[in-house]
Amino acid sequence: MNWEEWKPFYLRIAQEMGYSIEKDREAAQILRALLLEGDEYILKEELEAVIEKKAYVFGAGPSLEKALKELNFSGGTLIAADGATSALLDAGLVPDVIVTDLDGRIPDLRIANGRGAFMVIHAHGDNVDKLTAYVPLFSRILGTCQTKPLDIVYNFGGFTDGDRAAFLAEALGAREIVLVGFDFGDVVGKWSKPSLGEHSPVWESKRKKFAFAQELLKWLEENGRARLRYLHP
Ligand SMILES: Nc1ncnc2c1ncn2[C@@H]1O[C@H](COP(=O)(O)OP(=O)(O)OP(=O)(O)O)[C@@H](O)[C@H]1O
Ligand SMILES: Nc1nc2c(c(=O)[nH]1)N=C(CO)CN2
Ligand SMILES: [Mg+2]
């Protein structure tokens, strides 16, 4: 999804979620400055070389645990949406790529990054504190934003970490995308926020996020170059 295709979705999301477009823009600039300062950033070509024709994208829905126990994920790139990283580590897997706005468990993200995972770190108006505190802790970082892309801060489309991971995979060459732990629905998986001890009833803003994520994944299914498949154990 290019910027022109993403823009109408973004304007509607910003309006309905009550996000400040100006703050989202500033966040992209702040991430750019942090990446230049730390000199640990990568360009999209480097990640293109990592993404295979088949990609598994792991969301943080409750079904993730069973899927990780029962199924086999060989022969494709493993892409974790933020908090799903913790479940992968518990199952003895290291994601190849992590797509995050830095609200997953930071120690687990650091462990995975230390074991080779590439970080795709997203800037938005509500995570500037986290960007400033945590970006310097990571290496091999691709920066993304939801406003107009900058030179080294990309926008492949997508809103939540999960659907954004699928858009990234498609943009960087995947042609079969298998979505695991994408339950959406009424229960938020316990890996979604460090503060959630257990799977928890969905709250209002999260329900809205899920609805946009589902709409965007449908768009990708209909307009993208990849085949999308939901895996439900
Ligand atoms: N039932 C579910 N519970 C949690 N995550 C889900 C579920 N179904 C699908 N997902 C996907 O897994 C991703 C996990 O990422 P994460 O929990 O960090 O969310 P997020 O996008 O940062 O949203 P938030 O800002 O609300 O934390 C979500 O973005 C979502 O796309
Ligand atoms: N401004 C803003 N943008 C976002 C937010 C958020 O909480 N605020 N959460 C996201 C992940 O779901 C993606 N984008
Ligand atoms: Mg997140």
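Each ligand, and each atom within it, is numbered from 1 in the order the structure gives. Note that this is a predicted model, so its numbers are computed, not measured.
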Between the main-chain N or O of I121 and the side-chain N or O of D101, is there a donor-acceptor pair closer than 3.5 Å?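 Side chain of D101 to backbone of I121, a donor-acceptor pair under 3.5 Å: no, none is there.
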
Among all the protein's non-hydrogen atoms, which is closest to [atom], and how far away is it?
{"atom": "atom 14 (N) of ligand 2", "value": "Q146 OE1, 2.9 Å"}
{"atom": "atom 8 (N) of ligand 2", "value": "D126 OD2, 2.7 Å"}
{"atom": "atom 30 (C) of ligand 1", "value": "T160 OG1, 3.8 Å"}
{"atom": "atom 26 (O) of ligand 1", "value": "K206 NZ, 2.9 Å"}

Enumerate the protein N/O/S atoms at a distance below 2.8 Å from the Mg ion (ligand 3), ignoring waters.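 Those protein N, O or S atoms (cut-off: under 2.8 Å from the Mg ion (ligand 3)) are D82 OD2, D101 OD1, D103 OD1, D161 OD2.
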
Of the non-hydrogen atoms in S74 and Y56, which two are nearest, and what is the gap between them?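 For S74 versus Y56, the nearest heavy atoms are O-OH, 3.3 Å.
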
Taking the minimum heavy-atom distance to atom 22 (O) of ligand 1, which of D161, L216, V57, V99 ranks first?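 Residue with the shortest heavy-atom distance to the ligand atom: D161.
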
From the candidates T100, V128, D24, the one that places a heavy atom nearest atom 1 (N) of ligand 2: D24

So, is T160 polar-close to ligand 2, with some N/O to N/O distance under 3.5 Å?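 N/O-N/O distance under 3.5 Å: no.
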
Side chains of L231 and L71: closer than 4.5 Å at any heavy-atom pair? yes

Side chain to side chain contact (heavy atoms under 4.5 Å, CB included), paired with L228, selected from E176, E222, E221: E221

I'd like to check which ligand 1 atoms, numbered from 1 as shown, lie under 4.0 Å from a non-hydrogen atom of S192.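 Counting from 1, the qualifying ligand atoms are 16 (P), 17 (O), 18 (O).
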
Contact atoms of ligand 1, heavy-atom distance to P62 under 4.0 Å: 1 (N)

Report yes or no: does S205 have a heavy atom closer than 4.0 Å to ligand 1? no

Quick one: does F159 get a heavy atom under 4.0 Å from ligand 1?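 Checking ligand 1 against F159, which is what was asked, there is no heavy-atom contact under 4.0 Å.
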
For ligand 2, the portion of [X] having any non-hydrogen atom under 4.0 Å away:
{"X": "K209", "answer": "side chain"}
{"X": "K23", "answer": "neither"}
{"X": "N127", "answer": "neither"}

